[in-house]
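Note sheet for the following structure.
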Amino acid sequence: MIPVPYNSIVCAAAGGGAREPLFRNPSSSASVYLLQFNCNRRRINTNNRRNNNNNFMDSNNNMRTESYLRHVDSRKLMPNGAGHIPHLKAVILGEALASEEDDLVLPSKEFSDQANVHSPEQYMEMYKRSIEDPDGFWSEIASQFYWKQKWGEKVCDENFDVRDGKIKIEWFKGGITNVCYNCLDRNIEAGLGDKVALYWEGNEPGLDGSLTYSQLLNQVCQVANYLKDIGVKKGDAVIVYLPMINELPITMLACARIGAVHSVVFAGFSAESLAQRITDCKPKAVITCNAVRRGTKPILLKDIVDAAINDSAKDGVSVDVCLVYDNPVALKREDTKWTQGRDIWWQDVIPKYPSTCPVEWVDAEDPLFLLYTSGSTGKPKGVLHTAGGYMVYTATTFKYAFDYKPSDIYWCTADCGWITGHSYVTYGPLLNGATVLVYEGVIYFKTEIYCSLVDAKKFKAIISRRQKLSPGLSVIKAPNYPDAGRCWDIVDKYKVSIFYTAPTLVRSLMRDGEAVRYLYALMFTVYLCAIDLRINAFGFWIRYVTRYSRKSLRVLGSVGEPINPSAWRLLSISNNLIFYIKWHSEGFLIPRFQVVLQCSRRFKVPYLGYLVANRNWWLHGILTSDDWITPLPGAWAQKPGSATFPFFGIQPVIVDEKGVEIDGECSGYLCIKKSWPGAFRTLYGDHERYETTYFKPFAGYYFSGDGCRRDKDGYHWLTGRVDDVINVSGHRIGTAEVESALVSHPQCAEAAVVGVEHEVKGQGIYAFVTLVDSVPYSEDLRKDLILTVRKQIGAFAAPDKIHWAPGLPKTRSGKIMRRILRKIASRQLDELGDTSTLADPNVVKQLIEFSDS
């Protein structure tokens with residue numbers, strides 16, 4: 001059960017009738033309803049209503065295939081308003097997954113009414129036009145930006161079929177524009193010159209700053225003038241290896257202003273990885289920082305750059321200019337290693353340049369930036385995005401996916417070294433005239449939970465009877481700096497309303513089994529106290545969270561690995577508990593917010609916060625900038641774990657192994673039928689590899705590389721990367737399915753599954769399993785985990801090997817490095833590759849030590 005605001009209860013309760021409050025604080029005029037979700041489970045029966053929609057179902061109750069809208073029409077049938085939230089049982093980690101898809105989670109009427117897309121009907125109208133008239137739809141949006149010269153007659157010119165020749169994607173060809181001008185000058189001309197563009201919060205508390213749009217433009221122009229002075233011109237590459245300081249987006253915008261192509265490299269990559277990128281794009285300059293602190297740990301970035309430049313020189317690529325930002329908090333200038341004639345301090349030259357710089361106008365199809373994949377072996381792939389289409393599409397996705405309003409303060413904790421940082425720290429927000437918070441530190445969550453009751457004995461009895469736990473302290477362990485309240489301190493300090501981060505919290509919750517069970521017990525006790533015991537003096541608080549108000553939060557987002565429905569529901573409970581429910585003498589105070597959370601790659605996977613939650617599917621993480629299939633806040637009902645429906649202009653199809661489109665309820669390979677403005681155009685210097693990877697697997701389509709399931713209501717579900725599909729004796733098994741089954745076991749915190757060669761079955765299933773804290777490894781538990789998979793999926797999906805994993809190899813952004821797991825599973829320990837980007841490289845050593853356990 002979850003507390004629901006008084007004015008939403010009519011929509012939330014089954015039957016919709018008014019009820020006597022179940023729990024009332026006599027000192028307050030506000031009433032709080034507590035719903036019991038594990039009894040009389042309410043499902044919205046869309047089948048009957050769907051049968052009455054002649055455009056969606058035929059007389060045999062099958063989905064019709066005449067229309068491209070056949071898989072999105074169901075949105076019109078979903079009721080709006082505050083709806084049911086999954087029952088309490090659904091958040092228990094041991095729950096099976098089979099019947100979950102019938103549950104719907106609906107946005108509140110209050111939120112929908114103010115949303116940019118406020119109803120299924122509005123979405124359908126916009127989506128229909130984006131498909132039937134893409135030229136008109138995108139031209140209308142593109143016209144909101146400044147173009148020195150409008151594009152030609154063709155808005156889009158494409159060849160999506162390798163059988164018809166070279167793959168080509170062009171949008172707004174002939175249109176002359178500049179992304180930096182549209183981010184800054186255009187907004188200043190619109191009267192936003194004094195509006196804060198960037199807030200900066202340093203790693204150390206108390207270090208902060210801000211730049212208005214006018215001030216930001218001045219600094220961008222100074223850097224742009226310096227780059228021009230050292231010979232950087234339109235089309236030249238510039239490598240940027242900076243931490244999350246304002247100078248990072250400033251440099252990106254400066255490159256865009258003069259038509260240079262920036263290639264931001266995450267300031268956590270090794271010298272070897274950086275050298276590969278330098279060798280490939282041959283930059284005119286490298287821009288870096290002498291050092292940075294992450295928490296208390298100094299990272300000597302300049303030393304890494306020096307080693308990378310030396311390595312690239314051995315391959316015949318020299319770097320003549322290395323611009324270094326002096327960060328005295330991390331390293332004194334005199335302690336910085338220096339190469340005379342090549343290195344130059346940022347602070348010694350940039351302020352001397354004029355604060356105005358002419359714009360280099362570029363064609364819409366001219367390059368904007370390169371972003372390299374990390375790769376497991378061989379040459380990294382340089383993804384090339386162009387100016388016009390990227391600008392239009394990224395701005396549009398930011399506006400609608402985050403439900404952006406001009407009054408919002410937006411904070412994305414992603415690093416600009418990843419595509420999220422490009423699209424949703426720098427370009428997307430600034431193109432919309434937003435105020436962006438840039439945070440130098442790293443966000444993790446640590447939560448200490450305390451509970452108190454007037455009648456502690458009665459509470460203990462309840463817990464012992466229902467959950468076999470005793471009240472007390474439970475700690476969810478994860479690093480943070482300087483303490484676990486930093487995140488919420490920043491939210492309060494800047495009045496953040498849109499918060500976009502990684503799902504570290506839910507992983508921490510799932511890892512700490514005692515804390516998870518305690519949360520469940522606590523939630524269930526709220527219900528018991530209100531219903532059975534009628535205790536009106538119940539209170540609890542969560543240290544490091546409730547000391548801050550967080551009242552400004554309106555939209556939440558999260559990005560990370562694929563989230564299974566169990567984790568989705570866990571987050572639905574923990575968000576309400578940890579983030580947003582606070583006890584006061586007046587009663588429960590629940591801010592009205594929309595939660596938007598993002599799963600791996602580009603499928604938008606919703607999470608439940610107050611009433612509805614969503615964020616996008618991260619498809620090909622570094623490769624695309626776009627939202628393909630995504631819930632829109634306030635627009636329609638969601639299902640836990642589903643990506644729901646396509647964004648404007650996206651025509652997803654599911655094909656079989658022969659490339660034949662499959663209609664209705666099905667599983668297969670996810671492809672895109674037509675291009676969209678934000679699609680990346682090629683792999684730098686290797687267009688053949690671009691075509692082979694993305695267009696040759698299924699001729700006539702762009703192949704996402706992911707498997708997908710579409711349910712009977714037209715909702716899309718990510719089943720995992722196709723290269724993460726394991727073929728066991730002819731059965732194609734998505735690794736995500738096996739992982740979901742494993743983590744449904746109450747003693748499994750996290751799992752990662754890879755395929756290994758098997759002499760009989762072709763491939764076997766190898767599972768790395770992290771247990772909740774304090775649970776010992778045992779053969780009985782190993783057998784129980786295998787049995788769980790057999791029950792939920794089938795005997796053919798049972799893991800051949802359970803490898804105990806104290807931790808999994810993850811990047812600092814939370815992405816599991818599965819290539820490392822494959823090498824460990826295959827005992828190819830001499831081919832582990834680059835592990836420098838791992839948050840904790842020692843995890844690899846631990847996994848190897850556990851190989852034979």
Side-chain angles (χ1 to χ4, degrees), residues 145-148 176-189 192-193 197-198 200 209 211-242 245-265 281-289 319-326 343-364 366-371 385-388 390-391 416 421-422 425-427 429-431 433 436 438:
F145 300 96
Y146 180 82
W147 298 81
K148 188 75 171 178
I176 305 300
T177 188
N178 184 281
V179 178
C180 175
Y181 183 91
N182 278 284
C183 285
L184 302 180
D185 306 65
R186 179 177 61 94
N187 285 316
I188 293 171
E189 292 166 5
L192 300 181
L198 300 178
W200 180 73
L211 291 172
T212 65
Y213 271 87
S214 294
Q215 292 169 336
L216 177 58
L217 176 59
N218 291 341
Q219 294 197 23
V220 166
C221 287
Q222 288 180 316
V223 176
N225 284 321
Y226 168 76
L227 292 175
K228 290 171 64 177
D229 196 36
I230 63 172
V232 177
K233 57 185 181 298
K234 179 181 176 180
D236 288 340
V238 176
I239 288 280
V240 185
Y241 190 74
L242 284 168
I245 54 179
N246 280 342
E247 284 67 24
L248 177 47
I250 285 171
T251 302
M252 295 167 67
L253 291 163
C255 290
R257 192 168 191 85
I258 63 174
V261 182
H262 62 72
S263 181
V264 181
V265 181
C281 72
K282 302 174 179 59
K284 282 292 184 71
V286 173
I287 301 178
T288 188
C289 179
V319 174
D320 297 327
V321 177
C322 181
L323 181 64
V324 184
Y325 184 82
D326 180 12
D343 300 344
I344 188 166
W345 290 109
W346 175 296
Q347 288 89 336
D348 289 351
V349 293
I350 298 300
K352 298 178 182 179
Y353 281 86
S355 59
T356 59
C357 178
V359 171
E360 180 71 38
W361 300 104
V362 300
D363 189 275
D366 283 341
L368 176 62
F369 65 83
L370 279 173
L371 192 56
H385 278 282
T386 55
Y390 175 86
M391 174 180 73
C416 286
H422 281 63
V425 171
T426 303
Y427 291 116
L430 295 180
L431 285 166
V436 184
V438 177

Requested in this report: Return the minimal non-hydrogen interatomic distance between L248 and C416, and the atom names on each side.
Outcome: CD2-CB, 3.4 Å
Could you go through residues 250-264 and list every donor-acceptor pair under 3.5 Å that involves a side-chain atom there, pairing it with any protein atom two or more places apart or in another chain?
unit_1 : atom_1 : unit_2 : atom_2 : d
T251   : OG1    : E247   : O      : 2.6
R257   : NE     : C357   : O      : 3.0
R257   : NH1    : D185   : OD1    : 2.9
R257   : NH2    : D185   : OD2    : 3.1
R257   : NH2    : C357   : O      : 3.3
H262   : NE2    : Y427   : OH     : 2.8
S263   : OG     : L370   : O      : 3.4

**Report entry** Check: V321 and Y226 side chains under 4.5 Å, non-hydrogen atoms
**Finding:** yes
Query raised in the report: Between L430 and Y213, is any pair of side-chain heavy atoms under 4.5 Å apart?
Result: yes
Query - Gap between atom SG of C180 and atom CG of L368 - 0.5 Å precision - result: 10.5 Å
Report summary line: Heavy atoms of P283 and V238 approach each other most closely as CB-CA, 4.2 Å
Query raised in the report: Does the side chain of I239 come within less than 4.5 Å of C281's, by heavy atoms?
Result: yes
Query raised in the report: Can any side-chain N or O of N182 pair as donor or acceptor with the backbone N or O of L431 at less than 3.5 Å?
Result: no
Query raised in the report: Would you say V223 and W346 make side-chain contact, with heavy atoms under 4.5 Å?
Result: yes
Report task. Go through the steps for L184 and N187 under the test side-chain contact (heavy atoms from CB on, under 4.5 Å), then give the verdict. Result -> CA-CA 5 Å; L184 302 180; N187 285 316; over 6 Å; no
Report summary line: Which of I350, L217, V349, L227 passes side chain to side chain contact (heavy atoms under 4.5 Å, CB included) with Q222? It is I350
Report task. Measure the spacing between CG of L198 and CD1 of I245 and express it to the nearest 0.5 Å. Result -> 12.0 Å
Report task. Evaluate side-chain contact (heavy atoms from CB on, under 4.5 Å) for D363 paired with I176, printing each intermediate quantity in order. Result -> CA-CA 5 Å; D363 189 275; I176 305 300; 4.1 Å; yes
Query raised in the report: Among pairs that include at least one residue of residues 344-353, which meet salt bridge (charged side-chain N to carboxylate O under 4.0 Å, His left out), considering only residues two or more places apart or in two chains?
Result: R333-D348
Report summary line: Taken to the nearest 0.5 Å, the spacing of M391 CE from F145 CZ works out to 5.5 Å
**Report entry** Qualifying salt bridge (charged side-chain N to carboxylate O under 4.0 Å, His left out) pairs with a residue from residues 217-238, counting only residues at least two apart or across chains
**Finding:** K233-D236, K234-D366, D236-K284
Query raised in the report: ring pair (Phe, Tyr, Trp, His ring centres under 6.0 Å) with W361: which residues, sequence neighbours excluded?
Result: Y146, Y181
Report summary line: Across all chains, not counting sequence neighbours, the side chain to side chain contact (heavy atoms under 4.5 Å, CB included) partners of P429 are F398, Y410, A434, V436
Query - Sidechain-backbone polar pair: N225 side chain, T356 backbone, donor-acceptor under 3.5 Å - result: yes
**Report entry** Least distance between heavy atoms, Y241 atom then T288 atom
**Finding:** O-OG1, 2.9 Å
**Report entry** W147: partners by ring pair (Phe, Tyr, Trp, His ring centres under 6.0 Å), with sequence neighbours left out
**Finding:** W151, F172
Report task. Please report the closest heavy-atom contact between L242 and C289, naming both atoms and the distance. Result -> CD2-N, 3.7 Å
